[in-house]
There are 2 protein chains.
Amino acid sequence: MSNERPYARAMQRLQGAGLRPTRQRLGLARLLFDRGDRHVTAEQLHGEAMGDSLKVSLATVYNTLNQFTEAGLLREVVVEAGRSYFDTNTSAHHHFFHERDGMLEDIPSDHVVLTRVPEPPPGKKVARVEVIVRLSDAG
Amino acid sequence: MSNERPYARAMQRLQGAGLRPTRQRLGLARLLFDRGDRHVTAEQLHGEAMGDSLKVSLATVYNTLNQFTEAGLLREVVVEAGRSYFDTNTSAHHHFFHERDGMLEDIPSDHVVLTRVPEPPPGKKVARVEVIVRLSDAG
DNA sequence: TCAACCGTTTAGAATAACTAAAAACTAAAC
DNA sequence: GTTTAGTTTTTAGTTATTCTAAACGGTTGA
């Protein structure tokens, strides 16, 4: 149904977030959100955009990813020094991190149960609890 | 008792890790390990060294932190893009991260209980489970 | 319709964190 | 001491990310 208007969904997302639908943003939004849950780095996304003949600079990719994150369309996940992943799944969930190849993968939410969550210190509140399960090759 | 030989402990640690006890490494080890549990960045530690009139270059601080980490004396914790913390507590434990000022703090281990830990995918094993509780100012 | 204005967006330049390589130095072994 | 092997420093990258100034595009008024 949305074959005729491939940008319709991306457009809606941008409008909902109060971001102007520019060619670059639409293109990136489509790459990000029209392919199911994804975990991308800025570099990767830039590469995909090039391959998709969308002209964007890497800086714009960073700007866009940060704006999307700010707007709540993405979530930034930091697992390794010097590399940020952006996750299209913004609901509460956790991650496997494959140390060998640097891949990030969602953990189905019911597979982690935190029975006890620590009290925040006075004057502070818990913004988010993040669980990262680091995986290595089985011995 | 160790007042007379302030470097004795640091010396032992280095020897245990098979690292030559040079002036820089001894000085840094002392700053790191003789003050209880700490979470430092390379920049911070370099600053402390300077203040302690220990001549070390920033590159050496980075090298040393990485060597100590490799040797199991430290653990690297990544919570924010573009900044690594090194934790002198290498036992299994978790962290509060204060988003406002970028401070990292240990969570007493019995304050987090993971009832269910996810199965690793086939061919993989769990190397480590990391819980980060992000704190913001209470509304 | 056109032009002047003005906030927004973009992309190249700049910055910060970190690493690598080569030369200068130190510690330990003989 | 001299040699050797391991360390530190310096310098020069590299990489991820941010800054900024110029280009864009939409809006208003003529």
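Per chain, numbering begins at 1; letters A, B, ... match sequence-line order. Note that the structure is predicted; figures quoted are calculated from it, not measured.
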Boundaries of the chain B footprint along DNA chain D (any atom under 4.0 Å from a heavy atom): dA5(D) to dT17(D)

Qualifying side chain to side chain donor-acceptor pair (under 3.5 Å) pairs with a residue from residues 10-29 of chain A, counting only residues at least two apart or across chains: Arg25(A)-Gln67(A)

Greater than 12 external heavy atoms within 6.0 Å of Met103(A)'s CE: yes

Heavy-atom contact window of chain B on DNA chain C, given 5' to 3' at under 4.0 Å: dA17(C) to dA28(C)

By ring pair (Phe, Tyr, Trp, His ring centres under 6.0 Å) - contacts of His95(B) (at least two apart): His39(B), His93(B)

Nearest-0.5 Å distance that lies between atom CG in Leu32(A) and atom CG in Asp37(A): 11.5 Å

Sugar-phosphate only, base, or nothing, as touched by Asn66(A) at under 4.0 Å among non-hydrogen atoms: sugar-phosphate

Thr69(A) side chain near Phe86(A) side chain, heavy-atom distance below 4.5 Å: yes

Interface with DNA chain C, restricted to residues 77-86 of chain A and to heavy atoms under 4.0 Å: none

Nucleic acid contacts of residues 45-55 of chain B, taken as heavy-atom distances under 4.0 Å to DNA chain C: none

Which residues share a side chain to side chain contact (heavy atoms under 4.5 Å, CB included) with Ser53(B), sequence neighbours left out: none

For Arg128(A), salt bridge (charged side-chain N to carboxylate O under 4.0 Å, His left out) partners two or more places apart: Glu130(A)

Check: Asn89(B) side chain, Ser91(B) main-chain N or O, donor-acceptor pair, under 3.5 Å: yes

Worked verdict on Leu19(B) versus Phe68(B) for side chain to side chain contact (heavy atoms under 4.5 Å, CB included): CA-CA 9 Å; Leu19(B) 293 168; Phe68(B) 284 11; 3.8 Å; yes

Lys NZ or Arg CZ of Arg9(B) over Phe33(B) ring: under 6.0 Å, within 45°: no

For Val129(B), the rest of its hydrophobic cluster, which grows through side-chain links under 4.5 angstrom: Phe96(A), Ile107(A), Val112(A), Leu114(A), Val117(A), Val126(A), Val129(A), Val131(A), Val133(A), Leu135(A), Phe96(B), Ile107(B), Val112(B), Leu114(B), Val117(B), Val126(B), Val131(B), Val133(B), Leu135(B)

Salt bridge (Lys or Arg N to Asp or Glu O under 4.0 Å) contacts in which one or both residues fall within residues 84-105 of chain B, not counting sequence neighbours: Arg100(B)-Asp137(B)

Ionic contact status for Arg30(B) with Glu48(B), cut-off 4.0 Å: no

Under-4.0 Å salt bridge between Lys125(B) and Glu119(B): no

DNA chain D contacts made by residues 16-25 of chain B, counting heavy atoms under 4.0 Å: Arg20(B), Thr22(B), Gln24(B), Arg25(B)

For Glu80(B), side chain to side chain donor-acceptor pair (under 3.5 Å) partners two or more places apart: Arg83(B)

